[in-house]
Number of protein chains: 2
Amino acid sequence: MSSDHDLDRPDIGARPDGAAAPGANLLALRGHNAALLLGLLRAAGEEGASRLELAERTGLTPQAVSKITARLRADGLVVEAGRRASTGGKPRTVLRLVPGARHAVGVHLDRDEIVCVLADLTGRPTAVRRAPLDFGAGAEAVLATTAGEVAALREAAGGPPVLGAGVACPGPLDHATGVLRQVTGAPQWDGFPLREALAARLGLPVVVDKDTNAAALGLSRASEEVGGASFAYLHLGTGLGAGLVLGGSLYRGPHTGAGEFGHQVLQLDGPRCDCGRRGCVEALCLAAVARGDLPAAARVLGVAAANLVELLDIDRVLLGGRTVLAHPEVFRDGVARELADHAALRGRPPAPGSDPGAAPAVPVARARGGARTVADGAAELVLTGLFR
Amino acid sequence: MSSDHDLDRPDIGARPDGAAAPGANLLALRGHNAALLLGLLRAAGEEGASRLELAERTGLTPQAVSKITARLRADGLVVEAGRRASTGGKPRTVLRLVPGARHAVGVHLDRDEIVCVLADLTGRPTAVRRAPLDFGAGAEAVLATTAGEVAALREAAGGPPVLGAGVACPGPLDHATGVLRQVTGAPQWDGFPLREALAARLGLPVVVDKDTNAAALGLSRASEEVGGASFAYLHLGTGLGAGLVLGGSLYRGPHTGAGEFGHQVLQLDGPRCDCGRRGCVEALCLAAVARGDLPAAARVLGVAAANLVELLDIDRVLLGGRTVLAHPEVFRDGVARELADHAALRGRPPAPGSDPGAAPAVPVARARGGARTVADGAAELVLTGLFR
DNA sequence: TGCACTTTGGCAACAGCGTTGCGAAAGTGG
DNA sequence: CCACTTTCGCAACGCTGTTGCCAAAGTGCA
């Protein structure tokens, strides 16, 4: 029933040797096109898409789409679901993704809690577990808890096929190798090969990433309209961080260091920050929060967000984190005001005939999903490998 | 002598319809692998690379490499050049890129001057022409001058095969469509389809980009060591701009707006900038230059550069532009100092056993190449399409 | 000098990709 | 009921990288 291709073992995680081996053979070609069609079908959602629509949007011939979707149907990932209205000939058959055909585990390792989700192919969680966790208690305890939670989650869901596990943690780490670095307040994790250790423990492929990155990826997916857009998620909790989705995929930088947003200097010779520098956004923002001046905090965040938008041509901003979610409107409105001012100045006289993409202000909203945002995004780290 | 594939007509420039059609067929596969091998051979330079080395680095089988390089040799792009020392068996045959097999035109349309280069496949210019130009004089005059200069350049070089022309201009534009937007001080260019117009005039495929982007791409290539690195070029002349090369390729953002570096706010409620905001780097930096305080200007630039490095995990920074080149050491040292401070604070105690990639300061240097930097980079806009 | 061994790299057959040509299936409209 | 349109699968095909095999071209020891 299941044909022989490798959809059940997607190429999760970057190569540890660092050196890319991007030579493409026929298998890679097949995988690429299959992922492409799956991506379009996922974006099409309930409505589905016909073979000819897929052919137009990919540039593949209709016959190629037929062959590829036949394989996907044989694997149970896609089904025929109804037909469109006829336009004078045979009506188009609608193809739809089967959300439950595969699942991915998402794990959020927070400092005091572990959240695990089992997400279907659309990214929607079908099962959730939460448990207290002492991230500082050391590797063995955390690994054991994680393995137990994931096993319980899979069992409770009836043991559906699982592609892999995405794991999001705080602090710096190397995504390519899955090795943690100097985690603030938990020095014993420094240099720990979390990816390998968890992969062995869970018996699943594992991807590791920063919590803000996972959140950004998940939120980018959830509010997606057009592919290839650029998007920023700003997280203001006990600290300030960001996740960047550029050109449709997470931008991590060569050492998984991208997105360090909190220590952008926004005020030369400003107040000293814990990091040693002066005038960091995080320091300014949290100081304003501490003295109860939320509008000021929102304004500071807004100016920093406008810098980001200006520098990276960002299309959409989402805000999250405990501090923001405690007063979501204040922050949303404050940031929106700064972005509107920025857009007004940037677009000078909004040229009438020209591309209107540059003139309007970049939209801001609070992140939906609440406490599960990071875990959902962690699952998305795995699912991303299946789609394109 | 020339086989039938499309190396002479690479897919230059993005699709105008915006929607990607990324379906891959066998032709795309062939092109990908050929570009990959050409890229490795270009990086190998004079030393060349053997078939087996190429196979190891791409993940392709040796036989596939043999077939692909045979096609490249038939096209004259690659030659056999000597052999390596034997290691107990038949010695490896060395393959080398033939720099002069194809050329690319690079055009820098500046406000008062046009610079044209003819670059070989390594990016090295083999011919240069410069002429005065009034960019504000309108499209027809500029097109005529450009066409004349390019024709003269090609003729003077003996009419070698030319892949296309890269054109770099000031001001905002849309790379995907090749349409200019509101150019400061030259409103008549707004909405002008420069790419189409020039392509028709020159009879060549044309790519259009911002001058800072072209410069960044060219400089990134010239000082390249490892692929996939991230790199920033900061240009301080009459204004302040940047070009970003992320993951080995130019990052333009969805609307070719990325790299707007000058109006990053660096001082909340600072002095007013021409753009309407307060405390922009450009305003701060140029004010310091105007009052003769170059170290202060360099420091401001350095803080902004550190922000960039922090946010995007940048590996290397190059400085250019008239103001910088007038006092290169002052700016280099000032920026280097800020980046060193930043690295010292970021890397906290540089962990002994861990990846040393995070600890050392990001290197800064002045851009080499002088007045030809942008034109060289413009040629690279075309060449990039051939390599991977 | 001869011969065994190692290593490179081409020839030929092959599996599998998307493409092309064509016809069956399944509608609309007069 | 029939002509027409449109969708979509079957079969043959060209071309990709892969595999099996062997010739070429060295080294190193007898």
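Keep in mind that the numbers below use all heavy atoms, side chains included, and drop hydrogens, waters and symmetry copies. The model shown is predicted, which means the values in this text are computed figures rather than measured ones.
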Visitor: Taking atom C1' of dG16(C) as reference, at what distance in whole Å does atom CG of L29(B) sit?
Guide: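 The distance from CG of L29(B) to C1' of dG16(C) comes to 12 Å, rounded to the nearest Å.
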
Visitor: Tell me which nucleotide among dG17(D), dG18(C), dG10(C) gets nearest to the side chain of S66(B).
Guide: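 Nearest to the side-chain atoms of S66(B), counting from C-beta on, is dG10(C).
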
Visitor: Heavy atoms under 4.0 Å, any strand shown: does P62(A) hit a base, just sugar-phosphate, or nothing?
Guide: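 Touches nothing.
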
Visitor: Taking 4.0 Å as the cut-off, does a side-chain nitrogen or oxygen of T93(B) come that near to OP1 or OP2 on dT8(C)?
Guide: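 So the side chain of T93(B) is outside the cut-off, no N or O lying under 4.0 Å from OP1 or OP2 of dT8(C).
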
Visitor: Using whole Å, what does the distance between atom P of nucleotide dG17(D) and atom CG of L54(B) come to?
Guide: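 Spelled out: CG on L54(B) to P on dG17(D) is 14 Å.
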
Visitor: Let me know, please, whether I68(B) or V94(A) comes out on the 5' side of the other along DNA chain D by nearest nucleotide.
Guide: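 Checking each residue's closest nucleotide, the 5'-ward one belongs to V94(A).
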
Visitor: Looking only at heavy atoms, what is the nearest atom pair of A165(B) and L202(B), with distance?
Guide: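 Shortest heavy-atom separation between A165(B) and L202(B) comes out as CB-CD1, 4.0 Å.
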
Visitor: Taking distance alone, no hydrogens or angles, what donor-acceptor pairs closer than 3.5 Å link side-chain atoms of residues 380-388 of chain B to residues at least two apart or in another chain?
Guide:
| residue | atom | partner | partner atom | Å |
| --- | --- | --- | --- | --- |
| E380(B) | OE2 | R42(B) | NH1 | 3.1 |
| E380(B) | OE2 | R42(B) | NH2 | 3.0 |
| T384(B) | OG1 | E380(B) | O | 2.8 |
| R388(B) | NH1 | H32(B) | ND1 | 3.2 |

Visitor: Report the distance from atom CG of L27(B) to atom C1' of dG16(C), rounded to the nearest whole Å.
Guide: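 Going from L27(B) (CG) to dG16(C) (C1'), I get 17 Å.
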
Visitor: For T177(B) and R195(B), which heavy atoms make the closest approach, and how far apart are they?
Guide: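 It is O-NE, 3.9 Å.
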
Visitor: Tell me what S50(B) touches on the nucleic acid: a base, only sugar-phosphate, or nothing, going by heavy atoms under 4.0 Å.
Guide: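 Contact class for S50(B): none.
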
Visitor: Using whole Å, report how far NZ of K67(B) lies from C1' of dC15(D).
Guide: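 Answer to the nearest Å: 9 Å.
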
Visitor: Taking D209(B) first and then R252(B), would you say they form a salt bridge - that is, a charged N and a carboxylate O separated by under 4.0 Å?
Guide: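 Result for this pair is yes, salt bridge flagged.
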
Visitor: Quickly work out the N25(A) CG to dG16(C) P distance and round it to whole Å.
Guide: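 Whole-Å distance recorded here is 13 Å.
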
Visitor: dG18(C) phosphate, OP1 or OP2: any side-chain N/O from N33(A) under 4.0 angstrom?
Guide: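 So the side chain of N33(A) is within the cut-off, an N or O lying under 4.0 Å from OP1 or OP2 of dG18(C).
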
Visitor: Could you give the CZ-to-P distance, from R83(B) to dT27(D), as a whole number of Å?
Guide: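 Going from CZ in R83(B) over to P in dT27(D) covers 11 Å.
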
Visitor: When you match G89(A) and Q63(A) each to their closest nucleotide on DNA chain D, which lands nearer the 5' end?
Guide: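 Of the two residues, G89(A) wins.
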
Visitor: Nearest to the T87(B) side chain among dT19(D), dG26(D), dT7(C), which nucleotide is it?
Guide: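 Looking only at heavy atoms from C-beta outward on T87(B), the closest nucleotide is dT7(C).
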
Visitor: Quick one: label R84(B) by what it contacts on the DNA or RNA (base, sugar-phosphate, nothing), any heavy atom closer than 4.0 Å.
Guide: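 Answer is nothing: R84(B) stays at 4.0 Å or more from every strand.
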
Visitor: Looking at dG9(D), dG9(C), dG18(C), which one has an atom nearest to any side-chain atom of R51(A)?
Guide: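 Comparing dG9(D), dG9(C), dG18(C) against the side chain of R51(A), the answer is dG9(D).
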
Visitor: Side chain of L60(A) only, heavy atoms from C-beta on: which candidate in dT7(C), dC15(D), dG18(C) is closest?
Guide: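 Taking heavy atoms from C-beta onward, the closest nucleotide is dG18(C).
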
Visitor: I need the CG-P distance between L52(A) and dA26(C), as an integer number of Å.
Guide: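 Checked: the CG to P distance equals 16 Å.
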
Visitor: Would you check, one step at a time, whether the test side-chain contact (heavy atoms from CB on, under 4.5 Å) holds for L163(B) with H103(B)?
Guide: CA-CA 6 Å; L163(B) 296 164; H103(B) 287 75; over 6 Å; no

Visitor: Output the rounded distance in Å from NZ (K90(B)) to C1' (dG28(D)).
Guide: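 Those two atoms, NZ and C1', are 19 Å apart.
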
Visitor: Should S86(B) be listed as having a side-chain N or O under 4.0 Å from OP1 or OP2 of dT27(D)?
Guide: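 Checking S86(B) against dT27(D): no side-chain N or O falls below 4.0 Å of OP1 or OP2.
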
